[in-house]
Number of protein chains: 2
Amino acid sequence: MSSTLAQPDAGDQPGDRSWDGGIPEATVARLPVYLRALYALAERGVTTVASDELATAAGVNSAKLRKDLSHLGSYGIRGVGYDVDYLVYQVSRALGLTQSWPVVIVGAGNLGRALANYGGFASRGFRIAALLDSDPALVGRKIGRLVVSHADELEAVVASQNVAIGAIATPAASAQAVCDRLVAAGVTSILNFAPLVLTVPDGVDVRKVDLSIELQILAFHAQRRSAARVGQLAGPAVAEA
Amino acid sequence: MSSTLAQPDAGDQPGDRSWDGGIPEATVARLPVYLRALYALAERGVTTVASDELATAAGVNSAKLRKDLSHLGSYGIRGVGYDVDYLVYQVSRALGLTQSWPVVIVGAGNLGRALANYGGFASRGFRIAALLDSDPALVGRKIGRLVVSHADELEAVVASQNVAIGAIATPAASAQAVCDRLVAAGVTSILNFAPLVLTVPDGVDVRKVDLSIELQILAFHAQRRSAARVGQLAGPAVAEA
DNA sequence: CGTCGTTTGTGAACGGATGCACAAAGTCGC
DNA sequence: GCGACTTTGTGCATCCGTTCACAAACGACG
Ligand SMILES: NC(=O)c1ccc[n+]([C@@H]2O[C@H](COP(=O)([O-])OP(=O)(O)OC[C@H]3O[C@@H](n4cnc5c(N)ncnc54)[C@H](O)[C@@H]3O)[C@@H](O)[C@H]2O)c1
Ligand SMILES: NC(=O)c1ccc[n+]([C@@H]2O[C@H](COP(=O)([O-])OP(=O)(O)OC[C@H]3O[C@@H](n4cnc5c(N)ncnc54)[C@H](O)[C@@H]3O)[C@@H](O)[C@H]2O)c1
């Protein structure tokens, strides 16, 4: 399962039915996985793929895959499958990846540097517009192809490059303040790495990546397994009612 | 993830009341958030908290919080709230954080180094048992308090330190092989950063952290917002050629 | 041109998660 | 000791996502 069900978070008003994008959140979260699988197939020279194979490659059930894709339109051919290139295009378009999104990263510490150094974003529709830090000792330093700019330039960068997505890689203590500045500057999508719950106005989308939480979820299951192996203690359950 | 979900609830008879680890997955995923909020409260000297406040701090609805906590037992006091320290203990115990889990990180690149440098894991119940890499140029190098060991030592480290959790921070091309080795060595919980779907046997738990996917999900919503702002029905899919 | 085999797209049943609303259970002041 | 007030724990209705299963749609082939 599932780290990635859907992130319950920023403003999701029930009355927000204005333009129903029509694609369920759970589906949106899986489209990038399909896209990755499709790229892998295309690179191997595969031109057509059936839902079964694609589903296997993406690690999901084929009925789910078909239902997911059906939300984008009817792009399959019965009796044959899906045209890989065409589906790549359609999924990309649905996700809004026909353009390259500029992203600003705030915080050039361990994590911010790793992100800035990562080459994989460019090929997936993202471009690092700036890497910002408030520490003067870091400003001007080269990280990969980027130079660290001072955090004061946040508003200028967002405005001049029309940045819609920001990543927060600062310590938790400064994260809310950074978030507020991003929002004030016009950023409406935020990827948060700091271990706290950000508060944002309606209309701003926050997703969090919290590695400690992921480990703790793993720990829960690990504990459950090892307790089960020991057996009796909390064990068999079921049986009587 | 995928296959690992099948395991949990094989026998879930209505009316079983014994204390099985029967905590819903969605609840497990939120417990770490509650725990973090509780620690923050404790640090501020708060000794007692009502579900409303804690829920706000954790960014959830209070009914959900109470229902989540009710799965651990009945640890609240009606008319008062929850004792912060006691709840910290109970949530920690439920998550299996009364012990410190050794974690092995495979891949000492950008991401692996950031993880190894991160000080926040220790306080949350985890200890980096080893940082491994196959690149001889990296072996022996100091990262924070750790020294990079050669990937060949994976099995030895897992065995000697009884490692149950592994993090994969290698390129996608080597990730499945590394995963197989971890599983063979006895690791049953894996945190995967490489952008591919790992295949694991039943009984092994995989969680993925995929930053590109997170960004792509944000891009989807950002696109949706900006399309809505432009106004009318710039109907993305629809038109049936 | 019709039949056959294949695969899509989806209706419908199911199950889990969410949130409301309230009775039960407890505290606190007097 | 008692009544008023607070807050928990949960039954219930609802919603969302998953999965099954199958008819409709399509290509291939004779
Ligand atoms: N490194 C990891 O593996 C890891 C793991 C889990 C969580 N996190 C979280 O990610 C965040 C970043 O982690 P890190 O290891 O990179 O921390 P870090 O301390 O190495 O880097 C933080 C950087 O943010 C900068 N900064 C602080 N306040 C700022 C502000 N107001 N504006 C701009 N820059 C500011 C600091 O100068 C520093 O360079 C933290 O919240 C951390 O808890 C990191
Ligand atoms: N850095 C990021 O911000 C970022 C973002 C998204 C995804 N990722 C993913 O995380 C993974 C790691 O990213 P990175 O930037 O650290 O990559 P990297 O190339 O900097 O580091 C990978 C490291 O893994 C080592 N390695 C390769 N094969 C190995 C093996 N079989 N055993 C042990 N070590 C091996 C390499 O020597 C290298 O040091 C990649 O899969 C990447 O796609 C990284």
Worksheet item: Base, backbone or nothing for each nucleotide of nucleotides 20-30 of chain D, written B, S, -, heavy atoms under 4.0 angstrom, 5' to 3'?
Response: BB--BBBS---

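- In this entry the distance linking CD of A/E53 with P of C/dT6 reads 14 Å, nearest Å.
- Atom-to-atom, NZ of B/K64 to P of D/dG11 comes out at 19 Å; the value is rounded to the nearest Å.
- Between the side chains of A/R36 and B/S212, no donor-acceptor pair is found at a separation under 3.5 Å.
- B/Q223 places a side-chain N or O within donor-acceptor distance of the main-chain N or O of A/R93, the cut-off being under 3.5 Å.
- Residue B/S74 has a polar side-chain atom (N or O) positioned under 4.0 Å from OP1 or OP2 of D/dG9.
- Counting only N and O atoms by type, the side chains of A/Q90 and A/Y86 include a donor and acceptor under 3.5 Å apart.
- Nucleotide C/dA21 holds its P atom 15 Å from the CG atom of B/D52, rounded to whole Å.
- What separates OH of A/Y75 from P of C/dG9 is a distance of 11 Å, to the nearest Å.
- Between the C1' atom of D/dT18 and the CD atom of B/E25 lies a distance of 16 Å, rounded to the nearest Å.
- Looking at B/R207, its side chain never comes within 3.5 Å of a backbone N or O of A/I217 through a donor-acceptor pair.
- One finds the OH atom of B/Y118 at 7.5 Å from the CG atom of A/L211 (value rounded to the nearest 0.5 Å).
- At whole-Å resolution of the value, CG in A/L72 and C1' in C/dT10 are 15 Å apart.
- Using a 4.0 Å heavy-atom criterion, one finds that B/T27 contacts no nucleic acid atom at all.
- Not one side-chain nitrogen or oxygen of B/Y82 sits closer than 4.0 Å to the OP1 or OP2 atom of C/dG26.
- You'll find the side chain of B/I77 stays beyond 4.5 Å of the side chain of B/D83, heavy atoms only.
- Checking C/dT10, D/dT18, C/dT18 against every side-chain atom of A/A26, the shortest atom distance belongs to D/dT18.
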Worksheet item: Are B/D85 and B/Y89 close enough, and set up right, to give a side-chain contact (heavy atoms from CB on, under 4.5 Å), and what steps lead you there?
Response: CA-CA 6 Å; B/D85 288 339; B/Y89 168 69; over 6 Å; no

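- Summarising the geometry, the separation between CG on B/D83 and P on D/dT8 is reported as 13 Å, rounded to the nearest angstrom.
- At whole-Å resolution of the value, CD in B/Q90 and C1' in D/dT8 are 16 Å apart.
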